[in-house]
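First up is the structure itself, then whatever we jot down about it.
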Amino acid sequence: MPELPEVESYRALAERALRRPIVQVDAPDAWFLKDGLDAPTVEAALTGRYFVAARRTGKLLLLHTAGGGPVLGLRFGMTGRLVVDGRAGVDRLLYSSDRDVAAWDRFAVSFADGGRLLVRDPRRLGGVLLDPDQSGLGPDALTVTPAGLRSALAGSTAPLKARLMDQSRLAGVGNLLADETLWRAGLDPRRPAGSLSPAELRRLHRHLRATVTQLVARGGSHTGDLRPARTAGGACPKDGAPLTRGTVGGRTTWWCPTHQR
DNA sequence: ATTGTGGCCTGCCCGC
DNA sequence: TGCGGGCAGGCCACAA
């Protein structure tokens, strides 16, 4: 599902949509427009303008318009895809459908040259925002510093995994990325977030940055080394122990009871 | 304030 | 072969 790695792929794809005059905006699904946004407003905000930059914070894609104009924010939930000129941002999306169904096109921007940028989301869990408020987002997981990670976790009794996925503390980590990172770092997802020693914090930071970087390069949060074993009867790829399945932070969680402490 | 829970969305897969 | 139930998780509202 779209976590940081997928959205980073979408961001790179969205570079193709820059400096192309916008002639039409289609927002057929009112549910998909968030924070009180409506179709006439977003149409008026974008038509006649063009994008100049494609940025990303966590799982939020930001398309800036020229001259300091409005910023289009796109969220993808767990089943949303970005499509530009018929080209999809990722080949395959876990838990979503790979089919092309026009009814799943929830939002589209058409350019003067005939091309289009659109969000295709079967489950409608994503959304469109205008000038999104980013004050509620923590530092991006791809670039977070050791101190940033420490302050995201410090003093908390919540499960470590829940804090890693708390977008207001750290932006970009979803369920699969959290399991993969904690598995690599050898940390029990149920540990109180504030209980990590300085050495464990450094280890987690190193593995977080490395994991995110690697999964971005591989093309998705589903390309982790733990992922194939995240299933009934799965064994730890490191030591062969049967993986444990449970609910942590309200999400299905798989971990190795042997080496994750 | 922090933490936990349940609901929303709907395609897909499994078992009958 | 059709059908119903459960499942997936990002995000948000709400409760304790």
Side-chain angles (χ1 to χ4, degrees), chain A residues 1-10 27-37 56-61 73-82 88-90 92-107 119-129 132-138 140-141 151-182 189-195 212 215 220-222 224 226-228 230-234 245-255:
Chain A
M1 73 292 309
E3 301 182 30
L4 190 158
E6 283 81 3
V7 181
E8 178 56 29
S9 293
Y10 296 169
D29 186 349
W31 164 265
F32 216 68
L33 304 177
K34 304 302 182 183
D35 293 344
L37 186 61
R56 178 192 60 75
T57 300
K59 306 170 190 174
L60 179 66
L61 179 62
L74 299 178
R75 283 204 319 244
F76 298 92
M78 69 178 279
T79 54
R81 262 172 221 283
L82 187 72
V90 294
R92 174 164 172 275
L93 212 50
L94 203 60
Y95 305 126
S96 188
S97 171
D98 295 333
R99 293 190 294 139
D100 292 355
V101 176
W104 296 344
D105 294 349
R106 310 298 180 183
F107 182 80
V119 178
R120 178 172 297 152
D121 184 359
R123 303 243 316 258
R124 304 168 80 207
L125 288 164
V128 172
L129 308 103
D133 176 15
Q134 297 179 66
S135 63
L137 288 177
D140 189 78
S151 68
L153 303 177
S156 171
T157 60
L160 176 55
K161 177 177 175 178
R163 267 278 166 137
L164 287 178
M165 293 196 301
D166 182 341
Q167 303 300 301
S168 70
R169 311 284 177 173
L170 181 68
V173 177
N175 200 41
L176 294 180
L177 200 45
D179 278 7
E180 177 79 17
T181 299
L182 292 172
R190 301 166 298 178
R191 284 269 300 274
S195 73
V212 177
L215 299 200
S221 57
H222 65 285
L226 175 66
R227 227 289 298 173
R230 265 178 119 267
T231 179
R245 179 190 197 271
T247 300
V248 180
R251 295 294 161 224
T252 299
T253 302
W254 295 83
W255 72 94

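Letters A, B, ... mirror the listed sequences (proteins, then strands); counts begin at 1. This one's a predicted model, so the numbers in the text were calculated from it and none came from an experiment.
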Quiz item: Taking five pairs at each end, how big is the angle between the two axes of the helix from B/dT2-C/dA16 to B/dC16-C/dG2, to 10°?
Solution: 40°

Quiz item: What's the shortest heavy-atom distance between A/K59 and A/F76, and which atoms?
Solution: O-CD1, 4.4 Å

Quiz item: For A/R120, which contact category applies under a 4.0 Å heavy-atom criterion: base, sugar-phosphate, or nothing?
Solution: nothing

Exercise. Decide yes or no on side-chain hydrogen bond (donor to acceptor under 3.5 Å, both in side chains) for A/T79 and A/D121, but give the supporting numbers first.
Key: CA-CA 6 Å; A/T79 54; A/D121 184 359; 2.5 Å; yes

Quiz item: What are the residues of residues 156-170 of chain A, sorted by number, that bring a heavy atom to within less than 4.0 Å of DNA chain B?
Solution: A/S156, A/T157, A/A158, A/P159, A/R163, A/R169

Quiz item: Is it true that a side-chain atom of A/R120 and a backbone atom of A/P122 form a donor plus acceptor pair closer than 3.5 Å?
Solution: no

Quiz prompt | OP1 or OP2 of C/dA8 under 4.0 Å from side-chain N/O of A/T79 | solution = no

Quiz item: Just how far, in rounded Å, is C1' of B/dC9 from CG of A/D121?
Solution: 9 Å

Practice problem: Could you state the atom-to-atom distance from CD of A/E3 to P of C/dA8 in whole Å? | Solution: 15 Å

Expected rows: protein N/O vs nucleotides 5-8 of chain B N/O, under 3.5 Å:
none

Quiz item: Taking CZ from A/R245 and C1' from C/dG6, how many angstroms apart are they, rounded to a whole number?
Solution: 11 Å

Self-check item: Where A/A171 and A/G138 come nearest, the two heavy atoms and their spacing
Solution: CB-O, 3.5 Å

Quiz item: Counting distance only, does the side-chain N/O of A/D29 pair as donor-acceptor with the main-chain N or O of A/R106 below 3.5 Å?
Solution: no

Quiz item: Quick one: which of C/dA8, B/dG11, B/dC9 gets closest to the side chain of A/R124?
Solution: B/dC9

Quiz item: In whole Å, what is the span from the CZ atom of A/R81 to the P atom of B/dT10?
Solution: 17 Å

Self-check item: Shortest non-hydrogen contact from A/K161 toward A/T252
Solution: NZ-O, 3.4 Å

Self-check item: Gap separating the CZ atom of A/R251 from the CG atom of A/N175, nearest 0.5 angstrom
Solution: 7.0 Å

Quiz item: So which nucleotide from B/dG11, B/dT10, C/dC12 ends up closest to the side chain of A/R75?
Solution: C/dC12

Quiz prompt | A/V173 to A/L164 - nearest heavy-atom pair and separation | solution = CB-O, 3.4 Å

Quiz item: Could you give the NZ-to-P distance, from A/K34 to C/dC12, as a whole number of Å?
Solution: 8 Å

Quiz prompt | Spacing of A/R123 atom CZ relative to B/dC12 atom P, expressed in whole Å | solution = 10 Å

Quiz item: Is there a side-chain polar atom (N or O) of A/K59 under 4.0 Å from OP1 or OP2 of C/dC11?
Solution: yes

Exercise. Answer yes or no: is there a donor N or O on one side and an acceptor on the other, between the side chain of A/W255 and the main chain of A/L182, under 3.5 Å?
Key: no

Quiz item: For A/M78 and A/L125, which heavy atoms make the closest approach, and how far apart are they?
Solution: CG-CD1, 3.7 Å

Exercise. Kindly indicate whether the side chain of A/Y10, heavy atoms from C-beta on, has any atom under 4.5 Å from the side chain of A/R81.
Key: yes

Quiz item: Looking at A/L177 and A/E3, what are the two nearest heavy atoms and their distance?
Solution: CB-OE1, 2.8 Å

Quiz prompt | Separation of C/dG10 P from A/D179 CG (nearest whole Å) | solution = 10 Å

Practice problem: Take the protein atom CZ of A/F32 and the nucleotide atom P of C/dC11, then report the distance between them rounded to whole Å. | Solution: 12 Å

